[in-house]
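Below: the structure, in structure tokens.
Naming convention: chains lettered A, B, ... in sequence-line order (proteins, then strands); numbering from 1 in each chain.
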2 protein chains.
Amino acid sequence: MAPRTTQILEAAARLIARRGVRGLRVEELAAEAGVSTGLIYYHFKDRTGILRQTLEFINDRAERYTAGQVAEGAEPLAPRAELEETLLLELQDTPVIRENSTAWGELRASAVFDEALRDDLARATLVWVQEVAALLGQVQPTAPPPALAAAAERLTAQLEGLSMRWLSGGLRIDHARDLMRGAVDAELAALRGK
Amino acid sequence: MAPRTTQILEAAARLIARRGVRGLRVEELAAEAGVSTGLIYYHFKDRTGILRQTLEFINDRAERYTAGQVAEGAEPLAPRAELEETLLLELQDTPVIRENSTAWGELRASAVFDEALRDDLARATLVWVQEVAALLGQVQPTAPPPALAAAAERLTAQLEGLSMRWLSGGLRIDHARDLMRGAVDAELAALRGK
DNA sequence: GTCTATATCAGGATAGAC
DNA sequence: GTCTATCCTGATATAGAC
């Protein structure tokens, strides 16, 4: 990918975190990226194209740091710890995580009214759910796959819900993390009972 | 409130459910309400005024049907059933529920970037969390209050997460309801263990 | 109170030079 | 590839007749 494109997408991610998808102005994006509006339209088809590619960009970035988290650890984590780490990864108050979470929330909210965003979103969600289901399976190998899938859907939706509350100022990050840990506890306890 | 005003607000609620807060066009609202744009501006100060009053209108309506659900039942429900009913109330594919859920999602998403909305949102969320905590307490009277509060925060955030997935086309309503029931199961099982 | 007609403007998108 | 300048659509808001 061309460096300019990356530069613009990074700016878009920052801007979306600050103003939201709804508040993203092409002119403002140009200013943030330090380029002209004309150049934006040279690299992207239209405003929706920018949005779609930014979603992709953010997803890639999230995958990279999700993978990194596992790879970097000198000794591999226990399954239970890895599950928790993976879910808590998105509940951290750092610039990149904030950008990713905010953008994700915006895209989710926009997809309610914009058909064009739904496919990408559904695909990304599915990958995410399956990853969590696999981790759950490592913790509870005897649990039936459908139960694992359901628990994964709940935990990821739970994370999105908590994340929105955090970003909208209704929940402090530490508390959100505590609640997320509690959800993992509850789901694992329920799986054990099956 | 003047009948015309109500008529316009109802149309606005329908339209917000269909196009979102950001997609609300005054001209389209006029058409939907069967009046002229001029009349809209006769009754409301500006676009923001329409939005604010519509959200108020929707809130009132939600309170009415939440209360109604409990009052109407000939015989009072068992605590467990009442808890489930209360949570599943927002996961129904009827026009009014869709309108309310959509508006709530829009509000939550907008609050990420708009300080002005946060207080109202926080207040409404608190009431909602406390209501669920009370219901949980009726099902598990021996559980410690902080555990009830945490479970209530999780369940309401879970509901918001599932609702968004449903509205954004990533989850069918029946499946969302199943998942919500599963979450209640898991939380109650966890509370029993305390 | 309600409508029609229109002023005004923001912002997405393009043309053309370099 | 990148910039400057500009067009043009679509949407808010107002004026004035009825």
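- Residue B:Arg25 has its side chain nearest to D:dT12 when only D:dT12, C:dA5, C:dA13 are considered.
- Contact annotation: the side chain of A:Arg52 never approaches that of A:Phe44 to less than 4.5 Å [non-hydrogen atoms, C-beta and beyond].
- Sequence order on DNA chain C of the closest nucleotides to B:Gly38 and A:Lys45 puts B:Gly38 first from the 5' end.
- Straight-line distance from the NE2 atom of B:His43 to the P atom of D:dT14: 16 Å, rounded to whole Å.
- A:Leu29 comes within 4.0 angstrom of no nucleic acid atom, judged by non-hydrogen atoms across all strands.
- Regarding A:Leu24, its CG atom lies at a distance of 11 Å from the P atom of C:dG11, rounded to whole Å.
- Contact between the side-chain N/O atoms of B:Arg4 and the OP1/OP2 oxygens of C:dG1 is not found at any separation under 4.0 Å.
- The side chain of B:Ser36 approaches C:dC3 more closely than any other nucleotide in the set D:dT12, D:dT2, C:dC3.
- Of the listed nucleotides (C:dT14, D:dC3, D:dA13), D:dA13 has the atom at the smallest distance from the side chain of B:Thr37.
- Residue B:Arg80 holds its CZ atom at 9.5 Å from CD of B:Gln140, rounded to the nearest 0.5 Å.
- When the P atom of C:dA15 is taken as reference, atom OH of A:Tyr42 falls 15 Å away, rounded to whole Å.
- Nucleotide D:dA5 holds its P atom 13 Å from the CD atom of A:Glu27, rounded to whole Å.
- Comparing D:dC3, C:dA5, D:dT12 by their nearest atom to the side chain of A:Leu39 picks out D:dC3.
- Rounded to an integer number of Å, the gap from CZ of A:Phe44 to P of D:dG1 is 13 Å.
- Among the protein residues, B:Ile40 comes within range of no part of the nucleic acid, since none of its heavy atoms lies under 4.0 Å from any strand.
- With A:Val132 as reference, A:Thr156 is the one residue of A:Val127, A:Leu159, A:Thr156 to meet the side-chain contact (heavy atoms from CB on, under 4.5 Å) rule.
- Applying side-chain hydrogen bond (donor to acceptor under 3.5 Å, both in side chains) to B:Thr125 and the options B:Glu160, B:Glu153, B:Arg108 leaves one that passes, B:Arg108.
- Rounded to whole Å, the distance from CG on B:Leu51 to P on D:dA13 is 11 Å.
- The CG-P distance, from B:Asp46 to D:dT12, rounds to 11 Å in whole Å.
- Not one side-chain nitrogen or oxygen of A:Tyr41 sits closer than 4.0 Å to the OP1 or OP2 atom of C:dT14.
- Per the geometry, CD1 belonging to B:Ile50 stands 14 Å off P belonging to D:dA11, to the nearest Å.
- For the atom pair CG of B:Asp114 and CZ of A:Arg22, the computed distance is 11.5 Å after rounding to the nearest 0.5 Å.
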